[in-house]
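Structure first, commentary second.
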2 protein chains.
Amino acid sequence: MNMRAIALRAGVSSATVSRVINGSPLVKERTAARVREVLSEVNYIPNPSATTLKYGRSKTYGLIIPDISNPFYSGFLGEFEELLLEVDHDVLFTSAQTTEKLVKAVRRMLMRQVDGAVFMGSEFETREIEPLFLHKIPLVTIDRRSVQAGCSDVAIDFELGYLQAVQHLQELGHKRLGYIGGTEGLRTSRIRQHAFEAALTKTGLRLHENLMRIGDYRVPGGEAAVRSLMEEKAPPTAILTANDLTAFGAIRGLHSLGLSVPKDMSVVGVDDVFLSEVMQPPLTTIRIPRRRMAEACVQALHQMKENVDRRGSRFSVAAQLIVRESTARVFKQKP
Amino acid sequence: MNMRAIALRAGVSSATVSRVINGSPLVKERTAARVREVLSEVNYIPNPSATTLKYGRSKTYGLIIPDISNPFYSGFLGEFEELLLEVDHDVLFTSAQTTEKLVKAVRRMLMRQVDGAVFMGSEFETREIEPLFLHKIPLVTIDRRSVQAGCSDVAIDFELGYLQAVQHLQELGHKRLGYIGGTEGLRTSRIRQHAFEAALTKTGLRLHENLMRIGDYRVPGGEAAVRSLMEEKAPPTAILTANDLTAFGAIRGLHSLGLSVPKDMSVVGVDDVFLSEVMQPPLTTIRIPRRRMAEACVQALHQMKENVDRRGSRFSVAAQLIVRESTARVFKQKP
DNA sequence: CTGTTAGCGCTTTCAA
DNA sequence: TTGAAAGCGCTAACAG
C-alpha cells in the first residue's frame, strides 16, 4: 500500500499525499482531511528506503560498542534506543571487539547510510574510522576528549566521582589506597587514573606507586590485579578500580584469598551497572549517568546534522559516588 | 561512488558491474577481473536501499525483546548479531516492554522491510503481532511451543535441566524444595514450573504446594517471594527459580533475613547470565544455551524465507545444569 | 557475453 | 492549491 494507492483512493496525486504526510501547509485543509482519512483507513506504512535512496538520509543512527555482554554497554544501548524511538529513528547496532569487526561495522554504517554514529569503547582507531569522516557521517565519541569537524565528544567527568570516593574512604579511616586501572594505552584509562590521583592530592592522601595495578575492564583483570596487590608487604586497606567488572573481579579474588569485603578490604567500582547493587556485597561505585550520556549523544548528533563541516561540540556528564556496602571502616590500621 | 561510476571506469555497463558483484557466471573472466580491479581501487560501497526499494528485501532481521537490561537478552542479542554478521545481515533491534512500544516496534519492522523477525519474551500478543503475518514476515518465537504458517518456534527444553537440578539437590540431602516461578499467565512460566514438577515426580520427591511462589523474572520478585517462603512454618531447604534474576533476588532476600547461601539454603537459577558465576556465591544454574538458540533462530529464518506460506518448524534447545556454589549439602534436616 | 532499460516509492521542483 | 515528472541506485528481463 504505497502513496500512489492512497492518492488514487483519495482522488489526489501522490505529491499531495506526500505533502499531507509531511505536514506541508500548502494543502487545503479539506483535501488534507480526505487524505488523512484514507491514510488511517488503509493503515499506510511508509517505505523509508525510497527516501533513503533519494536523499541519502536513513533516520538511522549507528552504535559501535566493543562488547554487548558488558552490562554498561547494554544499559547504554537501552537508553539510546529509547531516546531514538521518541524522535522516530532506528539504531543500527554493531559490536566490534576486533579491528576486523570494526572495519565491517563501519562499512555497514556507510551502506545503511546512517545519519550519524556513536563510537564507544576502545581507543579511537583512526584508520578504521576514517571512512566515516570521508563520507561526512556525524560522529560522537565517548570520553576521547577531542573534537573535530563532524565529530563531537561526550566526556565523562570522573574528577568529582573519584574525589567523593576517596573522601568517603578517608572518612572511614583508610590511608593506603590501591588502584586497579583499565587497559593500558586507552585514553579513558589515563583519565580515570588521573582523576584518582587528583583526588589523592586534594585529600592529602599519599599516592603509593606500588599499590597501582593494571586491569582490563573485565572480571579476570580485576581478579589477577588484586592477587598481585595482596602480595605487597603492606597491601592497601581499600581499592578503587576503573570499572565495576574490575571491582567484581577484585572482590572475587579477595574472597578466593579468604578475605572478606568490606570487613578486610573496601572496594569501589565505576559505572553502576545493572546488578551491581545486587552483588554481595552491594557495590559502592561511581555511577556514570547512562541516560544523560545517551541524551548528550542524541543532541550532538542532531546538532552536527545541521552542518557536518563545523567543528563538533564537547559535552560532559559527571560521575557521582553511590555508597553501598562494599566499603566500610578500616579494620586494622597498619602502624 | 555508485555502480554507474564503476561501470564508467571499467568501460562496461552498470549491468555488468552488478553481475560481477553478484557473482553471475555470465561475465567473461577478463571483463570481471577488470571490474573487480576498479571495485577495489575506488572502495565501492553498495547501497542496499536501492535493492530494498526494488525487491522489498532488506538483509535485515528484526529482534523484539522486552528489556535489554536483562543480561539474558543482551547476551542473546550479542550472539544473534554475531551470527547475522557472518551471513551479511543487519539486526533491527527494538525493546518493547509495553503494548504501545510493541506496536511501534512492529511498525518499524514493517517499514524497514525486515526479512524476518525474532520475538522474545513476554506472552505472544497476537493482536499486536498480527501485522507481521499479514505482511508475510517470517517470524520466530521463543518457547511459545506453537507454530503456524510463516512462524517457527524455538522451544527451550527445561525438563532435563530441572531434573538434573533436583537430582543434584537430592544427592545433597534436600527433601523440601521450594520454587519461585515466573510471571503468572506466561506460557514459559507454566513450562518451567511443569518441568520442575516433573522432576519432583521422577525423583520421587514430594511437591509441597505451600512452597510454591510467583516471581516476575526480576530481582524484586525473587526477593519478595523468598521472604514469603521463609514465613512458612516449615520452609524449604533449597529453592529453585524460574530464572537467574529471580535467584539473585532470592539470595538477596535470604541475606537480608540473616541467612547464608548455600549454608542455610541452596538456590538454583535458570539462564546462566553473564556475572552469575561472579555472584557471591557463584550461582548454580540451569544454563540456556544462547548461542544455539540464536543459531536455531537464524536457521528458522532462512528456512522460512524460502516459503513463507509453509507451516514453520519447531526447534528445541536443551537447558543443562551448571553446578557452582549456591548449592550445598543440607545443613539441618527438619525432623 | 554485454548493454539498454524499466521500475521499485518517495519528495521536490516546476508548471499550471 | 494541486499535479506531472524526474531521479536516487540497483537488478533482471530482454535485446543484441
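Numbers restart at 1 for each chain; the letters A, B, ... are given by sequence-line order, proteins then strands.
Listed nucleotides C/dT2, D/dT2, D/dA12 differ in distance to A/Val27; the shortest reach to its side chain belongs to D/dT2. Of the candidate nucleotides C/dT4, C/dT11, D/dA4, C/dT11 has the atom nearest to the side chain of A/Ser14. Checking D/dT2, D/dC10, C/dG3 against every side-chain atom of B/Met3, the shortest atom distance belongs to D/dC10.
Contact check, A/Asn2 against C/dC8: no side-chain N or O comes under 4.0 Å of OP1 or OP2. Contact annotation: A/Ser18 side-chain N/O to C/dT12 OP1/OP2 distance is not under 4.0 Å.
B/Asn22 places its CG atom 9 Å from the C1' atom of D/dC10, with the value rounded to the nearest Å. Atom CG of B/Leu8 and atom P of D/dC10 are 14 Å apart (whole Å). Between A/Arg30 atom CZ and D/dT1 atom P the separation is 14 Å, expressed in whole Å. We find that CZ of B/Arg4 is positioned 10 Å from C1' of D/dG7, with the value rounded to whole Å. Atom CD1 in A/Ile6 sits about 13 Å away from atom C1' in C/dC10, given to the nearest Å. Look at CD on B/Glu29: it is 10 Å from P on C/dT2, rounded to the nearest Å. Distance B/Gln113 CD to C/dG9 P: 8 Å, rounded to the nearest Å. Atom CG of A/Leu26 and atom P of D/dG3 are 13 Å apart (whole Å).
For B/Arg9, the CZ atom sits in a loose shell: 12 or fewer heavy atoms of surrounding residues, nucleotides or ligands are nearer than 6.0 Å. Annotation: A/Glu37, atom CD; neighbour count of heavy atoms from other residues, nucleotides and ligands within 6.0 Å does not exceed 12. Shown here is B/Gln97, whose CD atom has more than 12 heavy atoms of other residues, nucleotides or ligands within 6.0 Å. Heavy atoms of other residues, nucleotides or ligands lying less than 6.0 angstrom from NZ of A/Lys136 number 12 at most.
Nearest-nucleotide mapping onto DNA chain D: of B/Tyr44 and B/Arg19, the residue sitting toward the 5' end is B/Tyr44.
Using a 4.0 Å cutoff on non-hydrogen atoms, the parts of residues 47-62 of chain A near DNA chain C are A/Asn47, A/Ala50, A/Thr51, A/Lys54, A/Tyr55, ordered by number.
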Only distances under 3.5 Å count here; give the side-chain donor-acceptor pairs of residues 101-116 of chain B to other protein atoms, sequence neighbours excluded, each with its distance to 0.1 Å.
from, atom 1, to, atom 2, distance (Å)
B/Arg108, NH1, A/Asp90, OD1, 2.8
B/Arg108, NH2, A/Glu81, OE2, 2.8
B/Arg112, NE, A/Asp90, OD2, 2.5
B/Arg112, NH1, A/Ser58, O, 3.1
B/Arg112, NH2, A/Ser58, O, 2.7
B/Arg112, NH2, A/Lys59, O, 3.2
B/Arg112, NH2, A/Thr60, OG1, 3.3
B/Arg112, NH2, A/Asp90, OD2, 3.2
B/Gln113, NE2, A/Asn47, OD1, 3.4
B/Asp115, OD1, B/Ser58, N, 3.0
B/Asp115, OD2, B/Lys59, N, 2.8

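Remark: the B/Asp157 side chain and the B/Ser316 side chain contain no N/O donor-acceptor pair separated by less than 3.5 Å. Between the side chains of B/Gln303 and B/Ser313, at least one donor N or O sits under 3.5 Å from an acceptor N or O.
Across all strands, B/Thr16 comes closer than 4.0 Å only to sugar-phosphate atoms, never to a base (heavy-atom distances).
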